[in-house]
Enquirer: 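The structure's right below; bear with me while I get my questions together.
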Amino acid sequence: MENSIANPDDMSIISNPLSHYLSDSELDLLNINSNQVEYSPRNTIIKQNSRVSHIIFIKSGLVKISKEMRKGKNLILNIEGPGRFIGSSSVFGSDFYNYSVTALEPTVVSFIDTNIFKEIIGNNGVLGLELIAQISRSNILMIDKLSSLLYKQLPGRVADIIIYFSETIYKTETFTFPLTRQELAELAGTTKESIIRTLSEFKHDKIIDIERNTISILSPKIIQTLSRLG
C-alpha cells in the first residue's frame, strides 16, 4: 500500500490524551498546518540526516526509531506507539533529524509544521509541560538503554526487551514481536545469531514459549530477575 493522506473528516490531527490541552483555536491552527499520512509496515517516515521541517505525532500504530552507524550497522534506539511526539529533540536542538523513523505496523501520523508547533508551545504551558514530560521519559529510557548495553550481559538485555514489549507496548504476557530477528539484535546491541540463540535458551529453560514471532512469558519472575541482575 502506498503512503496516503488520511481524510481529515475521519480523524482529528490531535486526539486524546492531548486534545484537551488545546483550545479550539489552537486545534484549528494545528489542523490547518498539519498533514495526516498513513504508512504501511516498513515504510520510512523520517530519514536520518534529512532537514527538520515537522514534528510528528503518532495517531495510531507503532514505529521504530533507529540510528545508522558506520559500516552499515544500525542501532534501534526505541519503539514508540500512539500519543507520542517524535522529532522534538531535533526540532528544538538541531537542523537535521539524527535518526530514522520507520513504521512497524499500519501507522497514521500527523506532520505538524515546526513553526506553528513552536508558536502553540510558546503560548500553551500545559501542552509544553506534556512535551517536556515525554522528552524526559525518553531521556530516562535512553539512559537505561545505555546502561543496559554497557553493563548487562545478553540475557539481561533480552529480558529488558521482553519486559518493554509486554508491559509498555502491548500490556500482556503474550504478544507478537513486530521486529525481525535482525531488528531484535539491533535493539539488543548484538548479532542476529546471538539473539536467536538466547531466545532458544529461554524457550529451552521454559522461561518463555516462542513460535515464530509470537512470544508467551511463562516465568515473569525469572524474566524480571534476569533484567534486574543483568
Side-chain angles (χ1 to χ4, degrees), residues 3-39 43-67 76-146 164-165 167-171:
N3 300 342
S4 60
I5 304 297
N7 185 344
D9 294 331
D10 294 337
M11 57 189 80
S12 61
I13 295 298
I14 301 295
S15 62
N16 286 330
L18 295 175
S19 60
H20 60 278
Y21 294 140
L22 302 169
S23 67
D24 290 342
S25 60
E26 289 170 336
L27 190 58
D28 288 341
L29 187 62
L30 278 183
N31 285 333
I32 293 170
N33 293 278
S34 304
N35 286 323
Q36 287 196 145
V37 184
E38 298 175 352
Y39 288 92
N43 283 169
T44 299
I45 300 173
I46 293 175
K47 180 65 175 174
Q48 183 174 320
N49 295 325
S50 60
R51 183 171 291 277
V52 172
S53 59
H54 295 80
I55 192 167
I56 291 90
F57 179 79
I58 305 175
K59 170 73 178 181
S60 63
L62 202 65
V63 305
K64 69 171 181 177
I65 302 172
S66 59
K67 187 169 183 64
I76 296 179
L77 303 172
N78 200 8
I79 308 295
E80 294 283 14
R84 302 287 290 177
F85 285 110
I86 305 296
S88 53
S89 59
S90 296
V91 166
F92 293 100
S94 175
D95 293 328
F96 299 90
Y97 297 110
N98 57 358
Y99 46 76
S100 294
V101 179
T102 306
L104 292 175
E105 58 186 38
T107 298
V108 178
V109 303
S110 295
F111 286 86
I112 305 170
D113 180 87
T114 55
N115 293 324
I116 297 299
F117 190 76
K118 289 178 180 179
E119 177 184 334
I120 292 175
I121 289 292
N123 296 315
N124 187 324
V126 177
L127 183 60
L129 286 174
E130 171 62 23
L131 183 63
I132 290 172
Q134 289 197 12
I135 293 172
S136 297
R137 288 193 291 268
S138 294
N139 287 342
I140 290 170
L141 186 63
M142 287 299 102
I143 291 170
D144 289 343
K145 181 176 181 63
L146 179 61
Y164 183 73
F165 277 100
E167 297 184 357
T168 302
I169 300 297
Y170 295 116
K171 304 185 189 305

Enquirer: About how many Å separate CD1 of I112 and OG of S34, when rounded to the nearest 0.5 Å?
Expert: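 S34 atom OG to I112 atom CD1 measures 4.5 Å (nearest 0.5 Å).
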
Enquirer: Counting N and O atoms only, with roles assigned by atom type, does the side chain of N33 sit under 3.5 Å from a partner on the main chain of L29, one being a donor and the other an acceptor?
Expert: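 Such a contact is found between N33 side chain and L29 backbone.
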
Enquirer: Between F96 and N49, which heavy-atom pair has the shortest distance, and what is it?
Expert: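 Reported closest heavy-atom pair: CD2-O, 3.3 Å.
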
Enquirer: Looking only at heavy atoms, which two atoms of N124 and L127 are closest? And how far apart?
Expert: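 So the two residues come closest at OD1-N, 2.9 Å.
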
Enquirer: Which value, rounded to the nearest 0.5 Å, describes the distance between L104 atom CG and I79 atom CD1?
Expert: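 One gets 5.0 Å once the value is rounded to the nearest 0.5 Å.
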
Enquirer: Hey, could you give me the CG/CD1 distance between N78 and I86, rounded to the nearest 0.5 Å?
Expert: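 That separation rounds to 7.5 Å.
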
Enquirer: State, yes or no, whether a side-chain contact exists between N123 and E119 at a heavy-atom distance under 4.5 Å.
Expert: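 They are in contact (side-chain heavy atoms under 4.5 Å apart), so the answer is yes.
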
Enquirer: Is the shortest heavy-atom distance from the side chain of I65 to the side chain of V101 under 4.5 Å?
Expert: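 Counting from C-beta outward, I65 and V101 do come under 4.5 Å.
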
Enquirer: Mind checking side chain to side chain donor-acceptor pair (under 3.5 Å) for N98 and listing every partner two or more places apart, or none if nothing turns up?
Expert: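 Partners of N98 by the side chain to side chain donor-acceptor pair (under 3.5 Å) criterion come out as none, since no residue qualifies.
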
Enquirer: Of all residues at least two apart in sequence or in a different chain, which pass the side chain to side chain donor-acceptor pair (under 3.5 Å) check with E167?
Expert: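 Partners of E167 under the side chain to side chain donor-acceptor pair (under 3.5 Å) test: Q224.
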
Enquirer: Could you check I56 against F111 for side chain to side chain contact (heavy atoms under 4.5 Å, CB included), going step by step and ending with a plain yes or no?
Expert: CA-CA 5 Å; I56 291 90; F111 286 86; 3.8 Å; yes

Enquirer: How close do L22 and L27 get, counting heavy atoms only, and between which atoms?
Expert: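 Reported closest heavy-atom pair: CD1-CD1, 3.9 Å.
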
Enquirer: I need the E26 CD to D24 CG distance, nearest 0.5 Å.
Expert: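 One gets 9.5 Å once the value is rounded to the nearest 0.5 Å.
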
Enquirer: Does any N or O in the side chain of S110 come within less than 3.5 Å of the main-chain N or O of Q36, such that one atom is a donor and the other an acceptor?
Expert: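 Here the side-chain-to-backbone pair does not exist.
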
Enquirer: So, using ring pair (Phe, Tyr, Trp, His ring centres under 6.0 Å) as the criterion, who are the partners of Y164 when residues are at least two apart?
Expert: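 Result, ring pair (Phe, Tyr, Trp, His ring centres under 6.0 Å) vs Y164: none returned.
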
Enquirer: Decide yes or no for V109 and F57: does some side-chain heavy atom of the first lie under 4.5 Å from some side-chain heavy atom of the second?
Expert: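 No, too far: nothing below the 4.5 Å cut-off.
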
Enquirer: Please report the shortest heavy-atom distance between V63 and I45, naming the atom on each side.
Expert: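 Smallest interatomic distance, heavy atoms only, reads CG1-CD1, 3.7 Å.
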
Enquirer: Is the ring pair F165/Y170 parallel, tilted or perpendicular, if the boundaries are 30 and 60 degrees?
Expert: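 The arrangement is parallel - the two ring planes meet at less than 30°.
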
Enquirer: If you round to the nearest 0.5 Å, how far is CD of Q48 from OG1 of T102?
Expert: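 Going from the OG1 atom of T102 to the CD atom of Q48 covers 10.5 Å.
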
Enquirer: Compare every heavy atom of G81 with every heavy atom of I58, then report the nearest pair and how far apart it is.
Expert: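 Looks like CD1-O, 3.4 Å.
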
Enquirer: Once rounded to the nearest 0.5 Å, what's the spacing between atom OG1 of T114 and atom CD1 of I121?
Expert: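 CD1 of I121 is found 12.0 Å from OG1 of T114.
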
Enquirer: Locate the shortest heavy-atom distance separating P82 from S60; write the atom from each residue and the value.
Expert: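 Reported closest heavy-atom pair: CG-CA, 4.0 Å.
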
